[in-house]
Each structure stands twice: as C-alpha cells, then as structure tokens.
Amino acid sequence: MLNINDIRAQFPILSQKVNSKPLIYLDNAASSQKPASVLETLQRYYTEYNANVHRGIHTLSQMATEEMELARKKIQKFINAKHDYEVIFTKGTTEGLNLLAYSLTQQIQKGDEIIISHLEHHSNIVPWQLLCERTGAVLKVIPIDENGILQLDFLDKNLSEKTKIVSVNQVSNALGVINPIQEIISKVRKNTNAYIIIDGAQSAPHFKIDVQAMDCDFFVFSGHKMYAPMGTGILYGKEEALRAIQPFHGGGEMIATCSFDKTTYADLPFKFEAGTPNVGGNIALGAAVDFMENIGQEALQTYEHQLLEYAQKKLLEIDGLTIYALKAPRAGAISFNLEGAGISSDVGMILDKLGIAVRTGHHCTQPIMNFFNIVGTVRASFAIYNTFEEIDTLAEGVKKAKKMLSH
C-alpha cells in the first residue's frame, strides 16, 4: 500500500497555505510540483559541480557530463528505448514537436498529407500547419464524437501513399481522454510508410511507456509535468528515423567538423543537442524518473485512477454539472462546467479563494472547445500526492461556486 502522507511530505510546496487555506493543488496537467529529491539534485549540481558538459577535461565538467549521461540512461530505461542515443534532451514537448516539424521538412512535398486528431494541444497543431505552409502539404484531422472519442474509421478512408506523418497525443490534456494509440499505429503501419509521432506529455506522468512495444517513430514528453524542473523534456526517436532527418538547431556540440565550405554533423544524440543544455534540469529529470520508479508505475497509475473515479463520482452529485468525455477512457484529468455559473474562470477564482488550484479556459485546445460549443472548462488534474479528502474539499468548493454564481 502507498503511504500518501509520506509521499506528500516529500513535496515542500504542499505544506503552505494559499488565501489562508491549505493548498490543494489540482493543476498537475499544466505542471506538477517537485519532490525534495529533485530539488536537491538541482541544487547539488549548481553548488557542487556546475560546469558545461562534454567539452571540458577538468573534473567538474567530467562530473557534470557523467551525471547528465546517467540521466539519459535512466530515461532510456524509463521509456524502454533500444539505445541511450535515441534519447534527445529538449526544453519540453512543444520544442520536440517543433523540432520534428522543422526537421521533417525535406521529406515533405506538395500534395503530401499529414494527419493529426481533433484532440490535439495547439503545439501538435501549429507546427504541422507551418510545415504545410512551407511545403504545400495538406493537413487532415481525425474527428471526434460527442464523447470525445476519436473516429478511427477516418483512417481507413484517408490513409494512403500520400500520408507522410501521423501525429497524435496519447492522452488529451483538455479532457483526459486516452486515445487508442496501438490501434492507430497498427492501421498506419498496415497502410503507409508514414512517420508516427506520439505526444506523450500527458501519458508519461501516468503510464508505463514502452516505445519499442508501441512501435512509434518518435515520442515526445515534458519533464515538468512528471515532477522534474521546467524547461526539460525528451524527444525519443528510432535510430533510423533520427539519422534520416535534418538537425533543428545549428551551433556548438552538434558538429563533427565545421569549415566555411561545409559542416558535418555529430553522431546521435548530439546532432540534435546544439548549444549548452539545461544540464542541472536534465540531471534532475533523471531524479524525477527515480522518484516515479521508487513508487512504481503500476501503483502510481492505480492510485491516480482511483482519484479520478472518486472525483467523477463526487462531482456528478452536483446538479447542473457536466463532465466532458464522460464515456471515454480517461487518465489524469476531469474537465467540467457548471450550468448557469458564468465562465469557467469565475469558478476557478472562487476555488482559488478556498486554496484550490485548478485550470480554467480553453487549455490550448480551442478546436475541442469549438466542437463542444463552449469557451472553456474547469479542469481538475491529479498527481500521486493528491488525496480523497482534497477531492471532497473540491466538491464542496464547486457547490459553493454554484451557489454564488447561479442567477
């Protein structure tokens, strides 16, 4: 059995009060809090061996290099990549997706097709629109039904030799919907040679990820949503896929040779890691992986699912409350609105006065909001340190908001 009080005690921020109330942090899909082990790792880097990596023969540089490459190996194991050099450090999911959309430019020609889904975050929409503008490719979108479930018969009709990229998220940040990734990948593999890209920003914090079993070409995720510092993230790519595409940034670290006539690129992973990396953050991302592995992926997933089910039950007891994508399999988040209670931010502000942090608005998914004909939702999202008592307080807070806002 998990001892949630012990886990909570590892997060210094959770002991504070907000607006004179104990902090209840339910905005984990936007960014999670950080345990002491991660914060201490970051501080240790800056106070004991702060130096640039890969370039120095002095002791501190060697120590920093060793620790960062150890973190890469931890992440390789965490997602079950075949090689550690298939793990590229980035600033986060958005940079990973932009890197791919830029680096794949040479593979795309006018009339080629790129498929995404209606459930995507803006960062898995806009880079592909920009790629289409650069190349004359066509963007196609897998539709959803009223439950937020992807209509995969669209793929049966639209996959062809023109399909060059399929990029979808594993879990929707706005609705928490878990997408049938394996089914999508098998349809794509059967019908095309398209690159398959999975946005794992909302799945890596909650599920065991196995990129080899998944058989995607690329998988991107952010560190800050899984207990690591801001400005950290990972792009995984199959070796042959990474070798086939252009670098995104040019500069130091990513070169083998450089002259004014010609530059040749460094081997993987450094081909995609130009410039000084976020060394301390990357090492702390390794510590965040350790934190999750110590709890155990299965225990983490089970507990968070129990929180989600309990929250759903408590919220549905409130008259006039709508949970979106209620019939879809979901993870990590509940998105809802209160009938007659104005806009979602009004509810969010009242909850904030009670010390409850939730996210309101369109969650960088305006196409989803347009589909449901709403401006935004209130989103409560969960992590391992949340409790059933906090959900009771959330439900009471929503009832209070309803009373105050109903006309």
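This chain uses plain numbering: 1 for the first residue, then up along the sequence.
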So does [X] pair up with [Y], basic N to acidic O under 4.0 Å?
X	Y	value
R189	D217	yes
R72	E273	yes
R359	D27	yes
K271	D267	no
D84	K74	no
E86	K82	no
E240	R243	no

Are any side-chain N or O atoms of [X] and backbone N or O atoms of [Y], one a donor and one an acceptor, separated by less than 3.5 Å?
X	Y	value
S335	A174	yes
D352	G348	no
Q106	L104	no
K225	A30	yes
T393	E389	yes
D112	A137	no
R379	N173	yes
D145	G148	yes
S222	H224	no

Measure the [atom1]-[atom2] distance between [X] and [Y] for me, rounded to the nearest 0.5 Å.
X	Y	atom1	atom2	result
E40	Q10	CD	CD	9.5 Å
L2	T302	CG	OG1	8.5 Å
T276	N52	OG1	CG	4.0 Å
T365	I125	OG1	CD1	8.0 Å
F219	T93	CZ	OG1	8.5 Å
I198	I184	CD1	CD1	7.0 Å

With a 3.5 Å cut-off and no angle check, do the side chains of [X] and [Y] form a donor-acceptor pair?
X	Y	value
K140	N158	yes
N124	S167	yes
Q301	H206	no
D210	N80	yes
Y85	E239	yes
E120	S117	yes
N386	N28	yes

Whether over 12 other heavy atoms sit under 6.0 Å from K162 NZ: no
Q212 atom CD: more than 12 heavy-atom contacts under 6.0 Å: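 Yes.
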Does [X] have its ring centroid less than 6.0 Å away from the ring centroid of [Y]?
X	Y	answer
F272	Y265	no
H363	H122	no
F270	H54	yes
Y324	F336	no

I245 side chain near Q107 side chain, heavy-atom distance below 4.5 Å: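 Sidechains of Q107 and I245: in contact.
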Salt bridge (charged side-chain N to carboxylate O under 4.0 Å, His left out) between E390 and R8, intermediate numbers included: CA-CA 12 Å; E390 288 181 328; R8 284 178 67 81; 3.1 Å; yes
